[in-house]
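For reference, the structure discussed in these notes is given below.
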Amino acid sequence: MHFLLGVVMASAGKEPKSDWKEIQPGIWRAQIGSADKPTLTDAGRAVAKSERLAAMPQGKLPFSLDSVGLKKSKNFATVHIPLGKDEKIFGLGLQMKGADRRKGIYHLRVDHYDQGNDRLHVPTPLYVSSAGYAVFLNTSRPTNFYVGIGNRLDDQSRPPFRDRNTDRKWDDQPPSDWVEASVEAPGLEVIVLTGPTAMDAIRRYNLLCGGGAMPPMWALGFWHRTPSLATAQNVLDEANEFEKRGFPLDVIGLEPGWQTRSYPGSMEWSKERFPDPSGFLTKLSDKGIKVNLWENPYVAPETDLFQKLGNKFGSHTVWLGGAPDVLDKKARKTVQDFHKAKHPGVSGYKIDEVDGFDVWLWPDHAEFKSGPDGLQMRQIYGVLWQELLLDMYKKKNERTFGLVRASNGGASHLPFAIYSDTYDHRQYVTALTSSSLAGTLWCAEIRSASSPEEWVRRMQSACLSPIAQLNAWADGTKPWSFPTVNETVKEAMLLRESLVPYLYTAFAQYAMDGTPPIRPMSLVDGGTETDQYMIGDSLLAAPMFTGETSRTVRLPKGQWCEYTTGKLIGENQKITIKPDLNQIPLYVKAGSAIPTFKNPTSVAKGISSKAILVRAYGRLACSGLLYEDDGRSFNHEKGDFGMFQLQTSDREVEATHLAGSRTTPSIQFEVIRLD
Ligand code: GAL
């Protein structure tokens, strides 16, 4: 038995020692050593949603905060947290392998290279326990976690010594009932978030970080990135081709060639390839298509932005360009003003190459006059860029959504999804499921494939991820690149478009309640699967991988139906499925009402049709949520939105107003019953 268990239980519920302060309802903070700035929440400029936190159910920790060890040694700040015998630990960054992190060692830092490990684009120092609480280290330094491993000499709960000569149970990593975490820094802010459930603990974390990001509605449609050196005419031709062939398209992403130069860039339109940017943007906007620009943040000398930034760069170059010191307020504003002036009409950015370590970014010892050294700055550089771009769009009262290749804690409210050059389909799906445990979103983009089967399976996963994107920057692929499966690919893209009202509602739940739109099984019911996940309250996705003809799916509690047919397939059990290539394994909780676009050709057309088809599964009376706002501004933050409870009877839908100043939905409903 755990030595401390008696102590822990006995003291649970009492006010802890003065080391701990309740900084928000159900969120406790302790400081080890001195304040070490900037913290992650400083870097992301996260403002906690206190009212929503106050409305959450109360959670109870399975240990006393007084039993948490907080220590400052010569070089390290260390925290030592009890771990129950049966607890599973999830999270510790956006990991691409596994789920339960118990009995593991994790060195969390932004790291692009695969050194036998997974790439770590988002090293959020946050873990969540199956016992219903979470721990967050609010530091912008690299962190170390020893989870249920590593025993202190002074710890009475150590397991018994074993003799390797004679005892076959000898273990080279004897287990311990602790999580120990450390940071090489003068101080550390430790934050403990209560539940009651693991999902609630993550919700608290997201609300502490400003609530989840709310995308504009168009961002939930289909994105296509054109080849690096495409000209304006090439891009317009491609957009026309989508239309002609009946494939939906909502966002076009331009890659390096839109700039006069790249790596490092000028962040200015190339006159040669884009002679008339505003005419180009208008032509696309007339078709309801938004434009997203690729950038990496390193600025070529002798460019306008380089001159404007003066000496506001880090001490070292990246590919001989300057790295703007965007923690400095003036540099941040210069970068914002430049983007605002030079790219009017652009909907957002893809911020590349912020995840490199010292091989091509600056060294650990680089200096930034705003304070951090190179190592620390690398941990937050992606966060700083996301935040400054969001702030720029906020001032225009226009929502944005973009992509970024590295982020960190404190960034849940920043409207960006992570992508990677890793192109392993299984790792992509694992990253998708673990992204919510790192307070971020993942884009399982499709680029290329070696067979029509792979093309379909990857497209199906891409269409069930926060951003549905084909990134053709290198391969020049199009959705119709594998003609034998054209119709199947189109079906997956149209399914995506049809789900936009449901997804938008799931994102509103993220923004308002901190509940992530992509829900790993660990948060749903403590499961450890990394190849299935829930989307919002009612959908369960179980992607197929190339070469597979069957797979198992674990259905959580409750009855489940097939998405397309409504057929009941089981409840609270494992099933084996054998879907055809054109079938996406997607299931719905019986009793759910799923709001969809009726004629899903694009988000712009879906919005203007004002028609919602409610798919009602398994029962006569089904219910679900529907969120509505203007789809593009920040007015919803001032209350201009409506959240409705949909209730279906035979062919009718009743919408009950739950929150927001819009008290009746502005749309027509139709019901289709799948029971
Ligand atoms: C890579 C990035 C790709 C593409 C490419 C353009 O770093 O991961 O998505 O943008 O740069 O050069």
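Atoms within each ligand, like the ligands themselves, are counted from 1 in listed order.
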Margin query: Do Lys350 and Tyr419 have side chains that approach each other closer than 4.5 Å (heavy atoms only, starting at C-beta)?
Written below: yes
Notebook entry, point to check: Relative to the heavy atoms of Asn471, which atoms of ligand 1 are at a distance of less than 4.0 Å?
Noted result: 9 (O)
Notebook entry, point to check: Can you list the ligand 1 atoms lying under 4.0 Å from a non-hydrogen atom of Arg447?
Noted result: 3 (C), 8 (O), 9 (O)
Note to self: One pair to check against ring-ring contact (aromatic ring centres under 6.0 Å, His included): His343 and Tyr349. What are the steps and the verdict?
What the structure shows: CA-CA 10 Å; His343 316 141; Tyr349 295 85; 5.7 Å; yes
Check: Would you call the rings of Phe247 and Trp480 parallel, tilted or perpendicular if under 30° counts as parallel and over 60° as perpendicular?
Finding: tilted
Next item on the list: Using a strict cut-off of 4.0 Å, indicate which atoms of ligand 1 neighbour a heavy atom of Trp473.
Entry: 3 (C), 4 (C), 5 (C), 6 (C), 9 (O), 12 (O)
Margin query: I'd like to know whether ligand 1 has Arg405 as a neighbour, heavy-atom separation below 4.0 Å.
Written below: yes
Item checked: Audit row: Asp325, Met377, side chain to side chain contact (heavy atoms under 4.5 Å, CB included) steps and yes/no -> CA-CA 9 Å; Asp325 184 359; Met377 192 59 130; 3.4 Å; yes
Notebook entry, point to check: Which residue supplies the protein heavy atom nearest to atom 12 (O) of ligand 1, what is that atom called, and how far is it?
Noted result: Tyr263 OH, 2.7 Å
Checklist line | Contact check: Lys350 vs ligand 1, nitrogen or oxygen atoms, below 3.5 angstrom | finding: yes
Next item on the list: Looking only at protein heavy atoms, identify the closest one to atom 4 (C) of ligand 1 and say how far it is in Å.
Entry: Glu255 OE1, 3.1 Å
Check: Under the 3.5 angstrom rule, does the side chain of Arg458 hit a backbone N or O of Arg447 as a donor-acceptor pair?
Finding: no
Notebook entry, point to check: Tell me: protein heavy atom nearest atom 8 (O) of ligand 1, and distance?
Noted result: Asp421 OD1, 2.6 Å
Next item on the list: Keeping the roles fixed (side chain from Lys396, backbone from Lys340), state whether a donor-acceptor pair exists under 3.5 Å.
Entry: no
Item checked: Those atoms of ligand 1 less than 4.0 Å from some heavy atom in Glu353 -> 7 (O)
Note to self: Which residue and atom name correspond to the protein heavy atom nearest atom 1 (C) of ligand 1, and how close is it?
What the structure shows: Asp352 OD2, 3.2 Å
Check: Do Trp442 and Tyr533 have ring centres separated by under 6.0 Å?
Finding: no
Next item on the list: Answer side chain, backbone, both or neither: which part of Glu445 comes under 4.0 Å from ligand 1, heavy atoms only.
Entry: neither
Notebook entry, point to check: Numbering the atoms of ligand 1 from 1, which are under 4.0 Å from a heavy atom of Tyr419?
Noted result: 8 (O), 9 (O)
Checklist line | Cation-pi geometry met for Arg496 and Phe222 (6.0 Å, 45°) | finding: no
